[in-house]
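Notes follow the structure.
Every heavy atom of this structure was used, including side-chain atoms; hydrogens, water molecules and symmetry mates were not. For reference, positions follow the sequence shown, starting with 1.
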Amino acid sequence: QVQLVESGGGLVQAGGSLRLSCAASGGTFSYYGMGWFRQAPGKEREFVATIGWTGGRTDYADSVKGRFTISRDNAKSTVYLQMNSLKPEDTANYYCAARMLLNFGRTENDYDSWGQGTQVTVSS
């Protein structure tokens with residue numbers, strides 16, 4: 001399994017932007033489909049975005065569509081989540097996930113490697 005480390009979280013005002021990064025090691029990154037999930041206090045972890053291992057397919061939760069963009073840089077073994085127009089309800093711990101040869105994954109069971117998470121707090 002690949003090891004994943006998230007970064008880029010922090011405190012931002014509503015309407016602001018953040019870019020999360022997830023650096024992978026221990027595997028051939030270009031073969032991995034990647035996803036972002038988030039978990040707010042007292043809530044279950046939920047899907048945010050996914051990008052297939054070929055990079056040709058992306059998908060987003062309805063709540064972030066049009067505001068968040070997932071991308072990958074295989075040369076840097078990194079997946080990104082650009083978050084714009086942030087809202088207080090985006091406050092959560094954001095997790096990166098991976099699975100080899102995954103084209104599309106919206107559920108936790110689609111992934112077998114997880115990072116430790118990075119906290120995003122959006123103030124109103």
Give a yes or no answer on whether the side chain of Thr91 reaches the backbone of Glu89 with a donor-acceptor pair at less than 3.5 Å. no
Determine whether Gln39 and Tyr94 satisfy the following criterion, side-chain contact (heavy atoms from CB on, under 4.5 Å), listing intermediate values before the conclusion. CA-CA 7 Å; Gln39 187 169 21; Tyr94 282 71; over 6 Å; no
Without swapping roles, check the side chain of Arg106 against the backbone of Ala49 for a donor-acceptor pair under 3.5 Å. no
Closest contact, heavy atoms only, Ala14 versus Ser124: CB-CA, 4.3 Å
Check for me whether Arg19 meets the cation-pi criterion with Tyr80, that is, NZ or CZ under 6.0 Å from the six-membered ring centre and within 45 degrees of the ring axis. yes
Tell me whether the NZ or CZ atom of Arg99 lies within the 45° cone about the ring axis of Tyr111 and under 6.0 Å from its centre. no
Look only at the side chain of Thr28 and the backbone of Ser30, and say whether a donor-acceptor pair between them is shorter than 3.5 Å. no
Does the gap between the ring centers of Tyr60 and Phe47 come in under 6.0 Å? no
Inter-residue atom distance Ile51.CD1 - Asn103.CG, 0.5 Å rounding: 11.5 Å
First locate atom CZ of Phe68, then atom CD of Gln82, and finally report the distance between them rounded to the nearest 0.5 Å. 9.5 Å
For Gly35, is there any backbone N or O sitting under 3.5 Å from a side-chain donor or acceptor partner on Thr50? no
With distance as the sole test, does Gln116 use its side chain to make a donor-acceptor pair with the main-chain N or O of Val5 at under 3.5 Å? no
Enter the distance from Gln119:CD to Arg38:CZ here, rounded to the nearest 0.5 Å. 11.5 Å
So, does Arg67 use its side chain to make a donor-acceptor pair with the main chain of Ser63 at under 3.5 Å? yes
State, to 0.1 Å, how close Leu20 and Val120 come at their nearest heavy-atom pair, and which atoms those are. CD2-CG2, 4.0 Å
How far apart are the C-alpha atoms of Val79 and Ser71, what are their side-chain angles, what is the distance that settles it, and do they pass the side-chain contact (heavy atoms from CB on, under 4.5 Å) test? CA-CA 6 Å; Val79 64; Ser71 62; over 6 Å; no
Could you tell me whether the side chain of Thr121 and the main chain of Leu11 form a donor-acceptor pair under 3.5 Å? no
With side-chain contact (heavy atoms from CB on, under 4.5 Å) as the criterion, how do Asp112 and Gln1 come out once you've worked through the C-alpha distance, each side chain's angles and the decisive distance to 0.1 Å? CA-CA 7 Å; Asp112 57 11; Gln1 294 181 342; 3.9 Å; yes
Within a strict 4.5 Å, meaning less than it, do heavy atoms of the Thr69 and Leu81 side chains meet? no
Hey, is NZ on Lys43 packed in by over 12 heavy atoms from elsewhere, all under 6.0 Å? no
SG-CZ distance between Cys96 and Phe37, expressed to the nearest 0.5 angstrom: 10.0 Å
How close do Gly52 and Arg72 get, counting heavy atoms only, and between which atoms? O-NH1, 3.0 Å
Do Tyr95 and Val64 sit in one hydrophobic cluster, given that two such residues count as connected whenever their side-chain heavy atoms are within less than 4.5 Å of each other, even indirectly? no
Please find the pair of heavy atoms, one from Met34 and one from Ala98, that lie closest to each other, and give the distance. SD-CB, 3.5 Å
Could you check whether Asp90 pairs with Lys87 (Lys NZ or Arg NE/NH1/NH2 to Asp/Glu carboxylate O, under 4.0 Å)? no
Regarding Asn84 and Ser17, is there a side-chain donor-to-acceptor distance under 3.5 Å anywhere? yes
Using modelled atom types and a 3.5 Å cut-off, is there a donor and acceptor pairing between side-chain atoms of Glu6 and backbone atoms of Gly117? yes
Quick one, Cys22 with Trp36, criterion side-chain contact (heavy atoms from CB on, under 4.5 Å). Give me CA distance, side-chain angles, the key distance, then yes/no. CA-CA 9 Å; Cys22 173; Trp36 286 97; 3.7 Å; yes
When rounded to the nearest 0.5 angstrom, what is the spacing between CG in Leu4 and OG in Ser21? 12.5 Å
Hey, does Lys76 have a side-chain heavy atom less than 4.5 Å from the side chain of Phe29? no
Would you name the heavy atoms of Leu102 and Asp110 that are closest together and state the gap between them? CD2-O, 3.9 Å
Asn93 side chain vs Thr118 backbone, donor-acceptor pair below 3.5 Å: yes
Find out whether the Lys NZ or Arg CZ of Arg45 is both under 6.0 angstrom from the six-membered ring centre of Trp114 and within 45° of the ring's axis. yes
